[in-house]
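Per chain, numbering begins at 1; letters A, B, ... match sequence-line order.
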Amino acid sequence: MLDCLPHSLIPSIAPMSLLDNLNPPQHAAVTIEPRHALVLAGAGSGKTRVLTTRMAWLIQTGQVSPHGLMAVTFTNKAAREMLTRISALLPINTRGMWIGTFHGLCNRMLRAHYRDAGLPQTFQILDTADQLSAIKRLLKGAGVDDEKYPPRQVQHFINAAKEEGLRHTEVEAYDSFNRQMVELYGMYDAQCQREGVVDFPELLLRCYELLTHNAPIREHYQHRFRHILVDEFQDTNRLQYRWLKLLAGGGAALFAVGDDDQSIYAFRGANVGNMAEFEREYAHERVIRLEQNYRSHGHILDAANTLIRNNSGRLGKNLWTDQGHGEPIRVYEALSDAQEAQWVIEEIRSLVGEGRLRREIAILYRSNAQSRVLEHALFSSGIPYKVYGGLRFFERQEVKHALAYLRLMENPHDDTAWMRVVNFPARGIGARTLEQQADIARLHNCSLYSAVSQVPGRGGNNLAQFASLVDRMRFETQNLPLHEIVDHVIEASGLIQHYLQEKEGAERIENLRELVNAAAAFAAEDGYGLADAGALAQTLPESGVELPSPLAAFLSHAALEAGDNQASEGQDAVQLMTVHAAKGLEFEAVFITGLEEGLFPHENSVLEQSGLEEERRLMYVAVTRARERLYLSFSQTRMLHGQTRYNMQSRFLSEVPEESLKWLTPRNGRAKAVDTAGGWGHAAWGDESERGGFSRPAKDAPYVGSSEGYSSRRTSDAGVEVNGRTFKVGQSVAHPKFGEGVIVSLMGSGQDAQVQVNFGGVGTKTLALAMAKLDPV
DNA sequence: ACTTTCTTTCTTTTT
DNA sequence: GAAAGAAAGT
């Protein structure tokens, strides 16, 4: 074991500087004995600091060499942050250290052991969009009805199974629908294998299987990594947890940091339960809570604490601060979304007038659709702003086209890449020809590239020309440096020529040129991601690891790191983003807008307890982003999907302590009534009899209800007639139990018709018209 | 084979 | 209200 340590590393006492200024729990976490431990780190409690300081401390005290340490994060940004902070703490070379994302580290291992993992050396990574198009292609080829098996749903099924660690042979299928899904899963994996491509969850599952089935490789890594540190542990899925356990199986210490209250990614497979399980299984005596918050003023923390207490099954944690109460949270009720935006503008003006920086002001919203009104208002009032989210560099169509050519040069059997650019720019290859080609490929169970020579006629000719174009590009760039390869390809493929002719093509050309720069930068940076190359070289030297080509490394990089969201640092601009995107960030002043039932919490989430609780955690994350000032706002009406909606204020508003709030608009009866109405739980949705008209929430077969009976979104202006009475939006009605209310929307028709009624203090109810005892007033 | 028009469907998102 | 996909027109 000791021979793993470099000679230069002499065990020494940690100088005080590393551990200085840590509070007692932080100190305890950083210096905890080398066994499994769980750190429950509340928002703003110094989580990243603890993580990086522990790594530095372990290295500095000689307990581990940089080489024997692994740190896993979810995002590349977090991984980079960790690297910079470690370099700042210790004068060590972080190159080659195993610090990265789950996917990045798995990719590294699979590249090193591609043969043992059953992959071609040139395997390519499919991003979500590539995966979807691969699935569409599969469904088409197999003649599967994509109405009954929507590609997105198939994709979700496959990914969910993989994230549970299940191959198609291991998924239980209890009905014919699921049997078909499982079948498709199997066919999809076979297709990927044949094409030499790997999707995101596959990176993890393959790596997990490699370690499970191959004892020498497993033991090598188990022996090598003495300390494994995990960030954002609440976001891990089951497979990631198993992967960690496996790697730590040789006696390594697993140091997990997370906050169950900030788990907001259950919808994509994260399993908060991993935290409780980890505590029970390994760390029951070594759980440390970081509860002192260094970020927010008292009222803000009180709001967050009170709010999150409404959730069940928490691991338990209460943030406190010694910073004093600070200012109260300001609440504003707007008449319309536009007016809400206008109010935000005015508040921002006055904040900036007080001398605050615009970049220290964030406007948060639940869903991206809400940003437009805000952007419009900001734009017309001339306030600089940046919107986060949206298209990222490597996801732009012109960039993906260029990457597809590069992928084909690496691996011509990548059918997804083939289909993407075979007729782009247009070269007279139409749907008919491609169908023929696909049929031949399916018949011979070979790639589209291999089938080219057998396609008859003019179409076949054009295909052959395209194939030779790819071959030629590969040949002509053989010995060129990476950025020149890219430069050659964007010209030779005709992409530049094509966009020159397009009206809006200038920006796309610019992006293609930028891709050349990105390639140059990538090659320059530690010599094409030497982080990888270096790490590979130290891995199982005896197995003769072959380094991937610069192009292959660049393509991995492009798939695994989709690049920045246009927002550039530096300029002083107001920050706009979804609450999800704000996780991990902090601002002096934060606006949480659109606090309305149906929006936040989102209507698709309120039916299930777990969904509602995730929304509440989301609200918790939003609130805890603010340092000094927090503004909450909602609007009576809002344009959504091209229609005006009438919303109630969010239940989350009433879950914040009254004494921390300062209403900027008069609190109307409605808002007051909310307080006295008490428990929102089931009551908010009315009792069973009123909803009895349409199916129970079908837990196991989520799509049962969506056939045609009612269309949940279409609001009829003309009104709906049920049992001889007509109901219209805006009409006043009376209900024996809820009292008087106003119809806010109508859905469906006939006996299935539903109505949303705003009963003021009682809230907005959705009722089945045929069942509810509603009378026009 | 390519272009235009209609229809549909809308959370959240990293890798 | 916008983007993507399908159907229909050139």
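- Judged purely by atom type and a 3.5 angstrom limit, T593(A) uses its side chain to pair as donor or acceptor with the backbone of L364(A).
- In this structure, N368(A) atom CG and dA2(C) atom P are separated by 14 Å, rounded to whole Å.
- As judged by a 4.0 angstrom heavy-atom cut-off over every strand, N76(A) is placed among residues touching the sugar-phosphate backbone only.
- One finds a salt bridge joining D189(A) and K162(A) here, because a Lys/Arg side-chain nitrogen approaches an Asp/Glu carboxylate oxygen to under 4.0 Å.
- Taking a centre distance below 5.5 Å and an interplanar angle below 30 degrees as the stacking criterion, H103(A) does not stack against the six-membered base ring of dT14(B).
- Note: CD (E561(A)) to P (dT13(B)) measures 18 Å, nearest angstrom.
- One atom, CG of L132(A), and another, P of dT13(B), lie 18 Å apart when rounded to the nearest Å.
- One atom, CZ of R268(A), and another, P of dT11(B), lie 16 Å apart when rounded to the nearest Å.
- Which of dT13(B), dT11(B), dT15(B) sits closest to the side chain of S605(A) comes down to dT11(B).
- Comparing dC2(B), dT13(B), dA1(B) by their closest approach to the side chain of T433(A) singles out dA1(B).
- When the nucleotides dT11(B), dG1(C), dT14(B) are ranked by their closest atom to the side chain of R392(A), dT14(B) comes out on top.
- Atom P of nucleotide dC10(B) and atom CZ of R366(A) are separated by 15 Å, given to the nearest angstrom.
- When distances are taken from the side chain of S367(A) to each of dC10(B), dA1(B), dT12(B), the shortest belongs to dT12(B).
- Taking the side chain as every heavy atom from C-beta outward, L495(A) and E398(A) never approach each other to under 4.5 Å.
- Under the stacking definition used here (centres under 5.5 Å, planes under 30°), the residue F267(A) qualifies as stacked on the base of dT12(B).
- Checked by distance alone, T128(A) brings a side-chain donor or acceptor within 3.5 Å of a matching partner on the base of dT15(B).
- Between the side-chain ring of H602(A) and the base of dT11(B), a stacking contact exists by the 5.5 Å and 30° definition.
- The cationic atom of K245(A) (NZ for Lys, CZ for Arg) lies less than 6.0 Å from the six-membered ring centre of Y241(A) and within 45° of the ring axis.
- In this structure R366(A) satisfies the salt bridge (charged side-chain N to carboxylate O under 4.0 Å, His left out) test together with E615(A), sequence neighbours excluded.
- With distances taken from any side-chain atom of H580(A) to the nucleotides dG1(C), dT15(B), dT12(B), the minimum falls on dT12(B).
- Pair assignment for dC10(B): dG1(C), on the basis of Watson-Crick or G-U wobble contacts that are both within less than 3.5 Å.
- Distance from the side chain of R372(A) is smallest for dA2(C) among the nucleotides dT15(B), dT12(B), dA2(C).
- For K136(A), whose side chain is taken as the heavy atoms from C-beta onward, the closest listed nucleotide among dT15(B), dG5(C), dT13(B) is dG5(C).
- Distance L105(A) CG to dT14(B) P: 19 Å, rounded to the nearest Å.
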